[in-house]
Amino acid sequence: MQPNSRLSDDCKLTDAQMRDFIVNGYLTVKTDLPRSVHETIYRKTQEYTEKEGNLGNNILPRVPELQAVFEDPAVRGAFTSILGENYVMHSHRHPHQNRPHSDGQGFHKDSYWGYQKVRHHCPRWAMAFYYPQDSPLEIGPSAVLPGTQYYSTRITEANDGELGLNGEAGTIAIIHFDLWHRAMANLTDKTRYMMKFQFIRMDAPETPEWNVTDPHWQPEGIHPATPAHQGTWRHVWNWIAGESNGHNAEPSNGNLADHITALGSDDSAVRASAADELGLLGQSAADAIPQLIEALSDGYEPVRLNAAYSLGTIGEPAVPQLIETLGVENGPTRRMAAYALAAVGAPAVPALNEALQHTEDAVRIEATYALAQIGNAAQDAIPALIERTKDTADEVRRYLAEAFGGIGPAAATAVPALIDMLENDEDKQARFEAALALAQIGPASSDAVPALAKALRDPDRYVRDNAIHALKRIDTIEAETALFDYLLMARWCPITNRASTH
């Protein structure tokens, strides 16, 4: 979905709403459509589902009234604020049914449709949960665990801390792709539908695209019971605002020795707070680097997370030990080191370039992932990344393609390598990432049009989807012809069924 008309600032999120989304991982908006639209969507979904089964990815062409929901200014404004003006709708979408008197689900994170991807802390992907009917708690709407988009593990027992995303017909909950969520129990006699749609950021953020009044992170309006991740939140805010990675906050006053001592506490909350506070000291906390490196292996994930972003704030002095940590045996520790290096940003790029030559797959994977997260500030890594396009590790090839896409048009020199990946890589996820990277590079990928046209016949549906986005963004006569030829072949009639074949 690429909006054509300019949105007014009134449709976009405020600073407070952006803070809430960064901290809690969700927000709700209400469309301005008449209730009759939502009633039509519910009726059609129920009718078609009963006759044909779950409509899956075809829910949008089968129930085209849904398009109006996602063109609503409030919805477009929210997604533009979070994912940038050129965000697109992914072709994976799903009408979830919560049948009468169900028991609900357990908490989970969505997978990437069979693909394996490292979770993004910065919002490169987001999901919409749309309710076409009134969804009070008793009908079993989705519930979330606020703030857990930054955690790979569950840190609460049972359903402690859950929040039901209830609302009137036409309510849309927008969540960070990696937020823990579940369907609640449906205690009624009515089927609850929730339409899940997914969206992708296509451009690296260069400036705030929400209705910004203060471009600096302000820790305001955060519930006192919320676990503190000031370093993480500030990093994500700065990234969405277009600040280059490696932008450090002004050091605040604090007792370095006390915080280092607290990192050794038996109380996990005390350790987490100490790790977070050290990040507020900036480079003046460099003496704590050894203790923060050790904290990357803490058994409590909030401690690891805070230590990673504190090391990112300390910056270049932490890079040598972080690079060394990429080679440890513990996978979660390696991953936190990669997050930290990504937060360091451009100063970490030379060392990450060297790590791309490491003999251990795990080191190259984490180094490539970190470069992908650094994005356009990793332009100096383009030659080293191109050298790894034939890497024997599938994950390296996947993340180097993601890195080219994150760098954007400046990665045009990588287009031949991406074409080769798209045409010849046996790993379908590598092809998926190559096609997406070509879409994110945009018009500078025009040499890829023949390969993208061929990719419209790829056996993987999501490779085909990314090829469509790439051809649309390249926007040449050749790209347009390829798209129309595909449309003429692939078009279908959404009202054709067993009872009406012509």
Side-chain angles (χ1 to χ4, degrees), residues 22 82-88 117-126 150 176-178 199-209 232-248 308-309 312-313 315-316 319 322 335 337-353 355-356 365-386 388 395-415 417-418 433-442 444-445 466 469-470 473:
I22 289 169
I82 295 166
L83 298 179
E85 183 180 3
N86 291 320
Y87 71 91
V88 298
K117 288 171 67 71
V118 177
R119 303 290 176 171
H120 300 305
H121 291 165
C122 294
R124 299 173 183 271
W125 298 73
Y150 303 117
H176 188 293
F177 192 92
D178 297 325
F199 300 85
I200 312 172
R201 170 178 280 278
M202 298 301 287
D203 302 311
E206 295 181 356
T207 188
E209 296 195 56
T232 306
W233 299 333
R234 183 180 62 231
H235 172 77
V236 174
W237 172 280
N238 288 341
W239 183 83
I240 303 176
E243 292 280 357
S244 63
N245 292 29
H247 172 80
N248 293 324
Y309 282 96
T313 302
E316 191 168 6
V319 169
L322 285 170
R335 185 57 39 79
Y339 284 131
L341 287 161
V344 170
V349 170
L352 288 167
N353 283 348
L356 292 177
I365 289 167
E366 300 298 345
T368 313
Y369 170 77
L371 288 167
Q373 297 309 293
I374 290 173
N376 55 7
Q379 293 182 31
D380 289 348
I382 292 173
L385 288 166
I386 291 174
R388 303 309 311 178
E395 287 179 271
V396 171
R397 302 196 306 280
R398 296 168 187 171
Y399 292 127
L400 68 87
E402 190 172 301
F404 293 140
I407 292 170
T413 55
V415 168
L418 290 168
E433 298 291 355
L436 180 57
L438 290 167
Q440 291 168 324
I441 292 171
S445 294
N466 283 344
H469 288 312
R473 295 200 84 201

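Computed from heavy atoms alone, side chains included, the values below leave out hydrogens, waters and symmetry copies.
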Using side-chain heavy atoms (C-beta onward) and a distance below 4.5 Å, is [X] in contact with [Y]?
X: C122; Y: I240; result: no
X: R234; Y: T313; result: yes
X: E366; Y: R335; result: yes
X: L436; Y: M202; result: yes
X: H120; Y: F177; result: no
X: H121; Y: W239; result: no
X: Y399; Y: V118; result: yes
X: L371; Y: N353; result: yes

Look only at the side chain of E209 and the backbone of E85, and say whether a donor-acceptor pair between them is shorter than 3.5 Å.
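Yes, E209 side chain to E85 backbone: donor-acceptor pair under 3.5 Å.
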
Ignoring hydrogens and angles, tell me if any N or O in the side chain of R124 forms a donor-acceptor pair with the backbone of Q373 under 3.5 Å.
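Checking the backbone N and O of Q373 against the side chain of R124, a donor-acceptor pair under 3.5 Å is found.
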
Hey, could you give me the [atom1]/[atom2] distance between [X] and [Y], rounded to the nearest 0.5 Å?
X: N376; Y: E206; atom1: CG; atom2: CD; answer: 7.0 Å
X: I441; Y: R473; atom1: CD1; atom2: CZ; answer: 10.5 Å
X: I22; Y: H235; atom1: CD1; atom2: NE2; answer: 10.5 Å
X: I365; Y: L400; atom1: CD1; atom2: CG; answer: 11.5 Å
X: L352; Y: L341; atom1: CG; atom2: CG; answer: 5.0 Å
X: L356; Y: I386; atom1: CG; atom2: CD1; answer: 12.0 Å

With sequence neighbours excluded, tell me which residues meet side chain to side chain contact (heavy atoms under 4.5 Å, CB included) with A372.
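With sequence neighbours excluded, A372 shows a side chain to side chain contact (heavy atoms under 4.5 Å, CB included) to E402, A403, given in chain and number order.
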
Quick one: side chain to side chain contact (heavy atoms under 4.5 Å, CB included) partners of R398, sequence neighbours excluded?
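For R398, the residues satisfying side chain to side chain contact (heavy atoms under 4.5 Å, CB included) (neighbours in sequence not counted) are Q116, D394, E395, D427, Q429, A430, E433.
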
Could you please spell out the steps behind the side chain to side chain contact (heavy atoms under 4.5 Å, CB included) verdict for I200 and L83?
CA-CA 7 Å; I200 312 172; L83 298 179; over 6 Å; no

For [X] versus [Y], what's the shortest heavy-atom pair and its separation?
X: A308; Y: A340; answer: O-CB, 3.2 Å
X: A370; Y: A338; answer: CB-O, 3.7 Å
X: G406; Y: A204; answer: O-CB, 3.9 Å
X: A377; Y: V349; answer: O-CG2, 4.0 Å
X: A435; Y: N466; answer: CB-CB, 3.6 Å
X: A401; Y: A434; answer: CB-N, 3.9 Å

In terms of the angle between their ring planes, are Y369 and Y339 parallel, tilted or perpendicular, with boundaries placed at 30° and 60°?
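Rings of Y369 and Y339: perpendicular, as their planes differ by over 60°.
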
Counting only heavy atoms not in Q379 (residues, nucleotides, ligands), do more than 12 fall under 6.0 Å from its CD?
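Yes, because the 6.0 Å sphere around CD of Q379 holds more than 12 heavy atoms from other groups.
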
Suppose we screen for ring-ring contact (aromatic ring centres under 6.0 Å, His included). Which residues come up paired with F404, at least two apart in sequence or across chains?
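By the ring-ring contact (aromatic ring centres under 6.0 Å, His included) rule, F404 matches no residue at all.
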
